[in-house]
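Read through the structure below, which is laid out as structure tokens, and then see the notes.
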Number of protein chains: 2
Amino acid sequence: MNASQHGDDGRSYHHGDLRKTLLETCCAHIASQGTEGLSLRALAREAGVSPTAPYRHFDSRHALLAALATEGFEELAASMRAVALDDPVQAFFDCALSYIRYAAGNPVKYHLMFGEVIGDFSGHEELTAAAGDCYARLEQVLQVGLDSGDLRPDNLEELCGTVWALVHGLAGLTLAAQAKASSKPIEDIMQVPPLRAQQAVAAAPERAVLRLMEGLVADPSRLHGLKH
Amino acid sequence: MNASQHGDDGRSYHHGDLRKTLLETCCAHIASQGTEGLSLRALAREAGVSPTAPYRHFDSRHALLAALATEGFEELAASMRAVALDDPVQAFFDCALSYIRYAAGNPVKYHLMFGEVIGDFSGHEELTAAAGDCYARLEQVLQVGLDSGDLRPDNLEELCGTVWALVHGLAGLTLAAQAKASSKPIEDIMQVPPLRAQQAVAAAPERAVLRLMEGLVADPSRLHGLKH
DNA sequence: CAATGATGTTGACACTGCAAACATGGATGC
DNA sequence: GCATCCATGTTTGCAGTGTCAACATCATTG
């Protein structure tokens with residue numbers, strides 16, 4: 001499975017570092033032409049290798065995408081782990097925004113992580129684990145808030161689901177607005193809300209998060225003191 | 001279920017009503033095997049016609065999916081138009097839930113409507129129009145609430161975006177929970193939140209909507225009197 | 001220095017979307 | 001009644017795909 005013990009530097013064998021090249025080319029390709037027409041053969045062509053060379057590194061087309069998504073989840077988890085827990089309300093806010101910001105900053109990976117491209121996670125151990133880590137962090141942040149009384153008493157899992165649903169939805173809107181604004185609707189997530197609404201939300205995802213927190217926090221007045 | 005009438009929509013030439021048959025077979029196929037491996041040729045085979053016969057009815061594979069999505073948006077718009085506007089708070093609640101319930105009841109179409117399958121709506125006039133209608137209705141409902149003072153003063157478009165983001169996210173969770181529960185990983189929307197959280201939200205989307213409304217409504221005590 | 005196993009290549013198969021030319025037969029005008 | 005038209009369905013064909021199997025290469029290691 002793992003084949004990275006040859007040299008700590010990339011150079012080795014015929015191509016040099018085909019695996020890495022494929023991942024990067026794949027990203028670029030998705031960013032510029034979407035995920036639909038993406039083909040392993042095209043990636044191989046672009047990398048200057050034979051059509052089936054990628055199969056030495058990825059079991060299937062699916063596996064390549066999954067690897068990219070796994071990278072994404074690990075990065076997202078890291079960024080969510082970076083928020084401080086000392087102030088639960090601030091942590092809630094930061095955690096939500098870090099999610100949205102990750103999406104905005106990594107549209108392609110986010111697309112792979114949460115889109116329907118990969119479909120079934122089962123069979124991709126690392127992917128499942130990395131995704132689980134992200135969610136666990138959100139859960140932890142909310143649990144801390146419930147424990148401290150900064151959040152109104154609530155069912156943890158329902159609360160988590162609700163928060164996740166909103167944040168995920170906001171991320172999608174932000175991404176869509178961004179994609180359309182960049183004049184190349186390369187990634188075509190979320191067509192439905194008209195551009196104005198998407199832009200309105202994308203311009204201030206903080207306010208959208210606050211709208212939800214307003215109803216969840218024990219003392220809404222605290223929301224005014226949050227650092228953005 | 002049988003079509004022996006020669007209405008304005010379907011004609012009865014060689015096949016009988018290929019267009020309709022294709023739409024139905026397509027739905028069934030997506031429901032049972034997902035959207036990834038779906039091929040026009042397979043549909044044609046299943047319908048007992050030649051591999052390229054579908055092209056007499058749909059310009060492309062894309063167009064077939066788009067037609068299905070358009071149907072979906074029209075149905076959703078109808079169900080959102082069916083909510084009474086006399087009580088703005090109740091209307092908000094009903095509208096949100098009717099969205100979620102439509103998703104739960106029509107997973108395949110919802111998938112096509114809001115998933116990434118169709119990608120670019122441009123070029124599909126009817127699709128765009130139908131989707132716009134849905135959003136317009138949500139906007140209208142919220143506008144009424146703002147006008148009447150039942151909702152706290154807010155920016156309409158941001159508010160719309162926020163509500164839409166939550167509702168859309170909830171619908172996705174509900175769908176995912178449902179798909180997993182039915183043991184058929186048929187539609188693979190939203191893998192990330194663990195099953196428990198999905199189930200928790202799916203079991204009571206009303207409460208999730210209420211969590212948001214809590215922060216948006218001028219008089220939260222009114223929420224206790226809502227009819228479910 | 002030879003053996004080994006990871007890496008890349010060639011060739012092949014079944015499948016896809018889609019276009020163009022062709023065939024069929026119900027609807028329509030005379 | 002008959003000829004015609006045109007929507008519907010067929011055949012043929014091309015370019016492209018994912019993936020497998022057999023083969024070639026070459027850095028690393030015993």
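In this text, all values refer to a predicted model and were calculated from it rather than measured experimentally. Just so it is clear: chains get the letters A, B, ... in the order the sequence lines come, proteins before strands, and each one is counted from 1.
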Close N/O contacts between protein and nucleotides 9-15 of chain C (under 3.5 Å):
residue	atom	partner	partner atom	Å
dT9(C)	OP2	S50(A)	N	2.5
dT9(C)	OP2	S50(A)	OG	2.9
dT10(C)	O4	T52(A)	OG1	2.6

*Rounded to the nearest angstrom, tell me the gap between atom CG in L43(A) and atom C1' in dT19(D).*
15 Å
*Atom CZ of R61(B) and atom P of dG16(D): how far apart are they, to the nearest Å?*
19 Å
*Interatomic distance where CG belongs to L18(A) and C1' belongs to dA6(C) [whole Å]*: 13 Å
*F58(A) has an atom CZ; how far is it from atom C1' of dC20(D), in whole Å?*
19 Å
_What I'd like to find out is whether the side chain of R45(B) reaches to under 4.5 Å of the side chain of P51(B), using heavy atoms alone._
no
*Scan for side chain to side chain donor-acceptor pair (under 3.5 Å) pairs involving residues 123-141 of chain A, sequence neighbours excluded, and state none if there are none.*
R137(A)-Q140(A)
*side chain to side chain contact (heavy atoms under 4.5 Å, CB included) partners for E206(B), two or more places apart*: F93(B), L97(B), R101(B), A204(B), H228(B)
*Nearest whole angstrom, please: distance from the C1' of dA19(C) to the CG of L40(B).*
14 Å
*Sequence neighbours left out, what passes side chain to side chain contact (heavy atoms under 4.5 Å, CB included) with A129(A)? Give chain and number order.*
none
*asked:* Between H57(B) and dG9(D), is there a contact of a side-chain N or O with OP1 or OP2 at under 4.0 Å?
replied: yes
*To the nearest Å, how far apart are L22(B) CG and dG9(D) C1'?*
12 Å
*Only counting residues at least two apart or in another chain, list the ones meeting side chain to side chain donor-acceptor pair (under 3.5 Å) with R207(A).*
E158(B)
*Check the distance between dT8(D)'s P and R19(B)'s CZ and give it to me in whole angstrom.*
10 Å
_In this structure, how many angstroms lie between the P atom of dT16(C) and the CD atom of E36(A), rounded?_
16 Å
*May I ask you to say what L38(B) touches in the nucleic acid, namely base, sugar-phosphate or nothing, with a heavy-atom cut-off under 4.0 Å?*
sugar-phosphate
*Which pairs count as salt bridge (charged side-chain N to carboxylate O under 4.0 Å, His left out) when at least one residue sits in residues 47-75 of chain A, sequence neighbours excluded?*
E71(A)-K109(A), E75(A)-K109(A)
